[in-house]
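Okay, so here's the structure we're looking at.
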2 protein chains.
Amino acid sequence: MRAGVSVGTVSRVLAGELSVKTALRDRVQDAIDALSYRPNVMARALRTSTTDVIGLIVPDITNPFFSQMAASAERAAFEYRHSLMLASSHNDREAEQSHISAFLDRSVRGIIIVAANVSHSAHVKTKVPIVSLDRRFADFPLISINHAEAAALVADHFYELGHRRIAYIAGPADTEAGRARREGFVDRIRALDAKAELEIFSGRFDYESGEVIARRLLAQPPNMRPTAIAAASDQQAIGVLRAARDLGLDVPGALSIAGFDDIHLANLVVPRLTTVRQPTDQLARRAVELLLEKALEPGDEALSASLVIRGSTAPPPPDQAGDQPTEGPKSPQQE
Amino acid sequence: MRAGVSVGTVSRVLAGELSVKTALRDRVQDAIDALSYRPNVMARALRTSTTDVIGLIVPDITNPFFSQMAASAERAAFEYRHSLMLASSHNDREAEQSHISAFLDRSVRGIIIVAANVSHSAHVKTKVPIVSLDRRFADFPLISINHAEAAALVADHFYELGHRRIAYIAGPADTEAGRARREGFVDRIRALDAKAELEIFSGRFDYESGEVIARRLLAQPPNMRPTAIAAASDQQAIGVLRAARDLGLDVPGALSIAGFDDIHLANLVVPRLTTVRQPTDQLARRAVELLLEKALEPGDEALSASLVIRGSTAPPPPDQAGDQPTEGPKSPQQE
DNA sequence: CTGAAAGCGCTTACAG
DNA sequence: CTGAAAGCGCTTACAG
């Protein structure tokens, strides 16, 4: 070695062991700097069978919510001096499994999974810590917002504005988020006013799904159709916005719309979308932190989301407000 | 070993060497399957100093164009039995460099870089093949579309529709794409009609940039403002759309708008955006293929883009069409 | 055709 | 406090 010491000593200096005498340490450090020496990651990994990379698997990197999540996770990983390796499962269970295997083969430090939509009970046996983010994977601890509580925020908002004829566009029932948001919203509306008219529809979380459902929904005569629509995702809500525009319906004058997630785009559509803000930075950071803890705690963690009120929600039109036709009970669910 | 052979032989079977006798090979393969043995990637990498991972660095994974690029690259890598490791540079030169170093440390098979916006002449000396994608990095070979040719397609379209008072919102002048698109558009318009009024503005590639510029531009009286605006990115164009909407301007009735890239969202805004489709799949695939070739060829490659005509472009309003005020030359550039 | 052995570049007990 | 040595799990000349 340039500094005339053994490789073992260099390794100790690199590891920051205090057992190495200061003078020697400085000399070695100088040599390291002078040669701009970088330890071989592979050799280290082979020896210790662990690395500084955290694997992240998202269902679809093309989805703005997940790409923001990925950006946040990368930032958090970086702060903890780790790298992030990102993979996209295309909502495909097999791809998800093969990505997990690939990560495990590389002996990553840990894996964060936003589970694919398809419900499944995978069995992954490994010493590598795994946490689920936003959508639970198998039975690994989950970091997410409290979906039900967050969805109830939207219900409160609609109710306070005076809406009593409301539609909810739910996410897939095979996702916890889809179910919890729906339940949170529906329960709160019912709790506030058992007589409020509430229609529920189920779809996927994407733009098209919201648009298709809204188009059908809004084709009804004004006194029949909802004065407010809450969606389980911003993408759905933007689809609704689009349908409303196509039908010449003023938002929020004739129809209020609220989304969920606060993706970047929510603040760019016209009108800007009232929505629930997911604290993606905090969620991603917690996932990273949990992974890095010596002993991975088994419990789930739920963070709080917040309501962001923007231009897409307002009181119902005057001729509709408070009118509570007792035309008999409507079928409350219709999926 | 379970099959009673040496590790060397196992290694040869795994490598598919034909020198191993068929009977032995089958026996070993059975043992491999039975134990579901997976070779240690780290050890292999240490020995051969190469891996099956391709590193991809994009300026901002949150930008839909890049996330689609990433998805395409991952698919292409997968087809060639490689994994993709994705990093986001946040348009920061230092982060970009540190990601390159991290990839090199992991002895990746190759690196694909969509360069950060900031112009710079990095010096990376390595045996690892590197290609630039979409935006050139240092002096590494570039895979991109022919931006000038593609932008000219939009110019042709506007001209054919009858627009003669046109604005162009350019991308950053410190990017090749920004410059080439602008040049392609401007040259074509000038070539078609030297008297056509053409105003040029420069901005960033994002939503806000388009919106801000358009707001100013469209505040002018109808006979002064352009009848068509071409933008250097879909995000800018969507910003323009938004400004037009806020000002109560009908698109495409009073104003035609065209974007560039054909991000997913372009087909979801109202009206749907006329734009230039980048063949992201092919671009990403070519980048991967180039990387995997034994000898990386130094030349650039340009693919062709195509015009996608949708609802945001139409002939100019009748009272504006063909009116060619000879009110003297306007200042052609104004940035 | 197949085995024994060297060696990739580290980390970490084990001596001293 | 520091060095010499073993060993992580592969691949690949080198023998035979």
Side-chain angles (χ1 to χ4, degrees), chain A residues 1-53 81-83 101-110 126-128 294, chain B residues 1-53 81-83 101-110 126-128 294:
Chain A
M1 226 4 238
R2 157 131 167 185
V5 297
S6 76
V7 290
T9 304
V10 176
S11 178
R12 291 193 184 96
V13 172
L14 250 9
E17 277 186 35
L18 350 62
S19 65
V20 182
K21 233 180 5 186
T22 316
L24 217 207
R25 183 161 42 197
D26 289 349
R27 196 150 54 88
V28 173
Q29 188 60 56
D30 285 350
I32 288 172
D33 294 344
L35 301 167
S36 65
Y37 162 79
R38 309 199 57 145
N40 182 310
V41 187
M42 296 305 170
R44 179 177 291 170
L46 178 60
R47 185 58 228 259
T48 64
S49 60
T50 187
T51 61
D52 286 347
V53 355
R81 331 221 58 180
H82 285 247
S83 319
S101 302
F103 282 153
L104 258 22
D105 283 349
R106 312 226 125 67
S107 30
V108 292
R109 182 56 223 281
T126 169
K127 299 292 296 178
V128 173
K294 55 250 98 214
Chain B
M1 219 19 227
R2 158 129 166 189
V5 298
S6 77
V7 289
T9 305
V10 176
S11 178
R12 291 191 184 98
V13 172
L14 249 10
E17 276 185 35
L18 348 63
S19 64
V20 182
K21 234 181 4 187
T22 315
L24 216 206
R25 184 162 42 198
D26 289 350
R27 195 150 55 86
V28 173
Q29 188 59 55
D30 286 350
I32 288 172
D33 295 344
L35 301 168
S36 64
Y37 162 79
R38 310 198 54 145
N40 181 310
V41 187
M42 296 306 171
R44 179 178 290 172
L46 178 59
R47 184 59 228 259
T48 64
S49 59
T50 188
T51 62
D52 285 349
V53 356
R81 330 223 57 178
H82 284 246
S83 318
S101 302
F103 281 154
L104 258 21
D105 283 350
R106 312 224 127 69
S107 30
V108 292
R109 181 56 223 282
T126 170
K127 298 291 298 177
V128 173
K294 55 251 99 211

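Letters go in sequence order (proteins before strands), and every chain restarts at 1.
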Any base atoms under 4.0 Å from A/S11, or only sugar-phosphate, or nothing? Heavy atoms, all strands.
base
Which of D/dT11, D/dT2, D/dC8 is nearest the side chain of B/R47? It is D/dT11
B/R38 atom CZ is separated from D/dC8 atom P, nearest whole Å, by 21 Å
On DNA chain D, more 5' by nearest nucleotide between B/N40 and B/G8 is B/N40
Tightest non-hydrogen contact, residues A/H82 and A/R109, listed as CE1-CG, 3.6 Å
Minimal heavy-atom distance between B/S107 and B/S49, with the atoms involved, is CB-O, 4.0 Å
If pairing means Watson-Crick or G-U wobble with both distances under 3.5 Å, then the partner of D/dA4 is none
To the nearest angstrom, the CG-P distance between B/D52 and D/dT11 comes to 11 Å
### Message
Using OP1 and OP2 only, check whether a side-chain N or O of A/T9 sits under 4.0 Å from D/dG3.
### Response
yes
Rounded to whole Å, CG of B/D26 lies from C1' of C/dC1 at a distance of 15 Å
note: B/M42, atom CE; C/dG7, atom P; distance rounded to Å ~ 24 Å
Of C/dG3, C/dT11, C/dC10, the nucleotide closest to the side chain of A/Y37 is C/dC10
B/R44 atom CZ is separated from D/dT12 atom C1', nearest whole Å, by 13 Å
**Message:** Once hydrogens and angles are ignored, does a donor-acceptor distance under 3.5 Å link the base of D/dG3 to the side chain of A/R12?
**Reply:** yes
B/L14 CG to D/dG9 P, in whole Å, measures 15 Å
NZ (B/K127) and OG1 (B/T50) are apart, to the nearest 0.5 Å, by 12.5 Å
Closest to the 5' end of DNA chain D, once A/R25 and A/L46 are matched to their nearest nucleotides, is A/R25
Heavy atoms of A/V108 and A/T51 approach each other most closely as CA-OG1, 3.5 Å
note: B/R27, atom CZ; C/dC1, atom P; distance rounded to Å ~ 16 Å
Scanning both residues in full, the closest heavy-atom pair of B/G110 with B/V128 reads CA-CG1, 3.6 Å
Ranking C/dT2, C/dC10, D/dT12 by distance to the side chain of B/T48, first place goes to D/dT12
